[in-house]
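Order of appearance sets the numbers: ligands from 1, and atoms from 1 within every ligand. Quick caveat: nothing in here was measured; it's all calculated off a predicted structure.
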Amino acid sequence: MKAMLLTELGDLKSHPVPLSLRDDPDPTPGEGEILIRVSTCGVCHTELDEIEGRTPPPDLPVILGHQVVGVVEEFGNGNGVQSFQTLDIRGESQRQETLDSRIKVGDRVGVAWIFSACGKCEHCKAGEENLCAQFCATGRDVNGGYAQYMTVPAAFAHPIPKELTDSEAAPLLCAGAIGYRSLRLANIHDGQSLGLTGFGGSNHLVLKMAKYMYPNTEVFVFSRSPKEQDFARSLGAVWAGGIEVTSPQKLDAIIDTTPVWKPIVEALRNLDYGGRLVVNAIRKEDVDKDYLLKLDYPSHLWMEKEIKSVANVTRRDVRECLKLAAEAGIRPEYQEYAMEDANRALAELRQGKIRGAKVLVMP
Ligand SMILES: [Zn+2]
Ligand SMILES: [Zn+2]
């Protein structure tokens, strides 16, 4: 198969072509796994963190990509006909939910950042498999979807609703699912105000989800890019302005998706008493870390303001996000690239060139 491989870590500036196209043997699914013929794979900012070593893959070379859509070709148990997986998920509210994912050869499925978790620890048993110490990440700890084929445990493949095309579904598997988790953790109810800091692949979907789930909630968007501010207003934000601008009112919750520190400090300033800042970023870059010295306890933290980070996703997040998108008509804005152009897609993501999500289409 053809695949784009990461063979060496390095800064994109000095190392602008990090991936190389290679012909590799097709992977073989093990027991309990399926082989997927990949059709599309989203490009995520986390891939920049992997390439530049902020969340490095444990082994190289590795195939990146954790927003994978494709068709089931084969089961590792050899029968190749049909297998049934039932997933028990216990929500935070102790509500026991069963998500039935019957998968058979020929079905369209997606693979997200969660490639596997132990299933036995306290976190897994509580439905917080995203916090499992043995959490295994697609396209970092194991090969992902910048390739024509990949394997994944069948229980961690997600049926794709028929309403979504392959390119629409791909960004929902990470940007959408982690955005959905961030919105859950923001813990707002209908009518409370919501701020979004950074307006790329994830937060533009959060805005659409928030408008559907909380129709009376007003959304305020902070972005350094005037184009993103216009984009946010066109999607229904009541206000959009720069990162350091004071919002027209204090906000009940803010979701930050930027890779740096200044927006954290500024968001805390715009939070209302008792408000919550949700940081949806796997790593922060150190370029402006000294901005944290501007942190002023009375205006930024006091009055019971909270900061909560978002780590990974659970299968529940992925499946509920796909269902919500199908139901609510939420479709990501995206731009397609050929798999061979993955380096260009990553460079343009780094430069923040194109709005919405980026999707690789496999040959
Ligand atoms: Zn991602
Ligand atoms: Zn576990």
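Rounded to 10°, the angle formed at the Zn ion (ligand 1) by C44 SG and H66 NE2 is 110°. Of the angles at the Zn ion (ligand 2), the one spanning SG of C118 and SG of C121 is 110° when given to 10°.
By the 6.0 Å contact criterion, CZ on R269 is enclosed, its count of non-hydrogen atoms from other residues, nucleotides or ligands being greater than 12.
Contact check on D288 versus K262 returns no salt bridge, with no Lys/Arg side-chain nitrogen under 4.0 Å from an Asp/Glu carboxylate oxygen.
Taking 2.8 Å as the threshold, H45 does not count as a candidate ligand of the Zn ion (ligand 1), since none of its N, O or S atoms lies below it. The Zn ion (ligand 2) has no N, O or S atom of H123 inside 2.8 Å of it.
For F156 and W113, the distance between ring centers is not under 6.0 angstrom.
Relative ring orientation between F199 and H204 is described as perpendicular, the plane-to-plane angle rising above 60° on a 0-90° scale split at 30° and 60°.
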